[in-house]
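To start, the structure under review is shown below, and the notes come after it.
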Amino acid sequence: MTQKDLADLIFPNIAKTIDDYEKIYPERKLAEGAMVTRFAPSPTGFVHMGSLLASFISSKAAKDTNGVFYLRIEDTDQKREVENGIEGIVNDLKNFKIDIDEGALSRTESLGNYGPYIQSERKEIYHAFIKNLIERGLAYPCFCSEKHLEEIRQMQEATKSRIGYYGRYAVCRNIKIEEAYNRIKNGEKYIIRLKSPGDFEKKIIVNDLVKGKIEFPENDLDIVIMKSDGLPTYHFAHLVDDHLMRTTHVTRGDEWVSSLPIHIQLFQVFGFNPPKYAHLSPIMKQEGDTKRKLSKRKDPEAAMSYYTKLGIPIQAVHLYLMTIANTNFEQWYDQNKDKSIDDFKFDFRKISASGSLFDLEKLINISRNYISYLKAEEVYDNVLYWAKEYDKQLYELISKYKEYTINIFSIERYQKKPRKDYESWSSIKKNIWYMYDELFNDVTYNYQKIVDPDEIKNILNTYIEKYYNETDDKDTWFNKIKQLTEELGYSSNMKEYKENPEKYKGSVADISTVIRVAITSSNMTPDLYEIMKILKEQRIKERIKKAIISC
Ligand code: GLU
C-alpha cells in the first residue's frame, strides 16, 4: 500500500492536480512592479477601522502600480459568519469608496477570473493541494481526540515544554499507511496535519515590509491543514489562495506575525514563492494615561457605520487613513494642497512600525478643512444625500429651498481662508438652522452685554426704522450701524472705546450683537451682512418685530 492509495481513499473524487490549477489561474499579465493585493475578511458583517486601514493600504498599493486589488471572503471558520455578512462588507467598502477590481460581490455574484473568491466554495481546490501533500508523504491523517490533545497540552504545561503537536507528541505522524487506511475505512474521525519538515533549532529570517527583518525558529509543528468538516485552516487556505490568485503583497494585522514560520514553510513545501508581507500594528486608543487597542466591541468609533451616520466625508476618512498609513503624507499634503491622494505615492516602508494612536479630533479637523474647500453646491449635494437617510426634517427643508441653502453654504466660502464651521454633514444643522423660518420657533435671545429690555427695543426700533435698507452695499450697511451706534451714545471706534470706556454706554460690537441675536438668536454667526442679504427684508423685519415683542 502506498501514500497514493491513502490519498485516493481520502479524496476519491479529486481528479485535478496542482498543475491543472496552475493552468486555470496562470501568472497575471501585468506591468513590471504591479502589485496584486487583497482584503481577506471573515464574513462578520462589517468593516472596522483596523481592517479598513489594511484594505485602504492594499487598494492604494494596487492602484499606484496599475495592479489588482481583490476581495476574498474567508469563511472557513463558519462559526464566525453572520447573516448577510458578505453584503455588509461589500457595502462598507462601497460606502468608503474602496473599489475592488475583482472578488466577491455577494454569495452568488463575483467579478474576475481568479475565483471563486469565497473560501467555502474552493474546497475542491484545497483538497487537490492536500491530496498532493499526502501523496508526497508531507501530510497525514490524525485521529487524536480533543481529549487526548488536551492531555498532551496539560502534560506540556506541567513539564514547561513547548506547547503543540510536534516531535514525540505528534503520535499520529508515525502511524503506518495501512493502519491509517483501515481506520479511515472503518469510519474513524480524523483531520489532516502537515508533516512539518522543519527543525526548531534552525532559524529563518523574514523581511517584513513594516517590521523589518524578523528572526524565527523554523516551524516544526504538525499544524492542522484540514479540519474534520473538510475545510482547510486559515494557514492552508492562505497559502493556496494567495498563490493561485497571484497575490504579491499581503497586508494584514500583526496578530499573524507569529504564524509566519508556518506560512513560509507551507509555501516552501510546494516550491512556491511567498508573497511580501506587511504586518500592521493595531490602531490604539488613548484612555486616560494608558493606551489600549481600539476595540470592535467597546469603541463605537471603530465601526465604519459611526462615520457614515456622523456624516464625515469619505475623502476626509481617506485623508486621515493616509496620514496613518504613511508618516510622510501629511507633510506632502501640506505642500501640495491642490493635489489629491491619487497623486501621492504610497510606500510600504513608510508605514509606522509602532502603530498609530486613533485620533478622532484629528479626523474631525481634516474633515472640517476638507469641507471648507468644497464648492457650496458640493456641500449641498452631500448634505442632501446624508440627510435623506439620517435627518428627514433637514432633508425636506433643504430640498424645498435649494438655491437659498446653496447661498447659505456660500457665505465666507470662496476666500483664501474659508470658514471652517462644518465638521461633518450632521453638524451643519446646528450652524444654519436659524436661516429657516420653519425652525425659528421657540427661540431665546441672549443679547450678551446689553440687558435692559428698553434699551434693546430702542436699538432694534431705531435700526429698522432709520437705518436698515435692503439695497445697501456692505460699506454703507456698516457705516449705518456705526451711525446708529453713535446716535445712541455708544462708540463706533473700538480702539477709542478701549481707551475711554467710561465715555460710552458700550461699543459698536455690542450694538451689532443685539442686531445679530435678534435676527438669528445666535451671537456667533458668519458675516451678518451676508446673512441679512440671504434672509431679505421681509424676514428681517418680521424677526426684529418678534425680538422686540419678546423683550
Ligand atoms: N481572514 C483573516 C482575518 O480576518 C485575514 C488575514 C489576512 O489578510 O490574511 O484576520
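Just follow the structure's listing: the first ligand is 1, and inside any ligand the first atom is 1.
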Judging by distance only, is a nitrogen or oxygen of Tyr234 under 3.5 angstrom from one on ligand 1? yes
Quick one: nearest non-hydrogen protein atom to atom 5 (C) of ligand 1, plus distance? Ala40 O, 3.1 Å
Could you tell me which atoms of ligand 1, counted from 1 in the order shown, lie closer than 4.0 angstrom to a heavy atom of Glu74? 1 (N), 2 (C), 5 (C)
Measuring from non-hydrogen atoms of Phe39 to any atom of ligand 1, is the shortest distance under 4.0 Å? no
Under 4.0 Å between a side-chain nitrogen and a carboxylate oxygen: does that hold for Arg72 and Glu74? yes
Between Tyr277 and Trp256, does the ring centroid distance fall short of 6.0 Å? no
Do the ring centers of Phe129 and Phe270 come within less than 6.0 Å of each other? yes
Location of contacts on Arg38 toward ligand 1, heavy atoms closer than 4.0 Å: side chain
Give yes if a backbone or side-chain nitrogen or oxygen of Val250 is under 3.5 Å from a nitrogen or oxygen of ligand 1, and no if not. no
Would you sort out whether Asp77 and Lys227 count as a salt bridge (charged side-chain N to carboxylate O under 4.0 Å, His left out), showing the intermediate values? CA-CA 10 Å; Asp77 182 1; Lys227 300 174 290 180; 5.3 Å; no
With Lys131 as reference, evaluate Asp8, Asp20, Asp5 under the salt bridge (charged side-chain N to carboxylate O under 4.0 Å, His left out) test and give the passing residue. Asp8
Quick one: do the Tyr70 and Thr247 side chains pair a donor with an acceptor below 3.5 Å? yes
Nearest protein heavy-atom contact for atom 10 (O) of ligand 1: which residue, which atom, what distance? Trp256 NE1, 3.3 Å
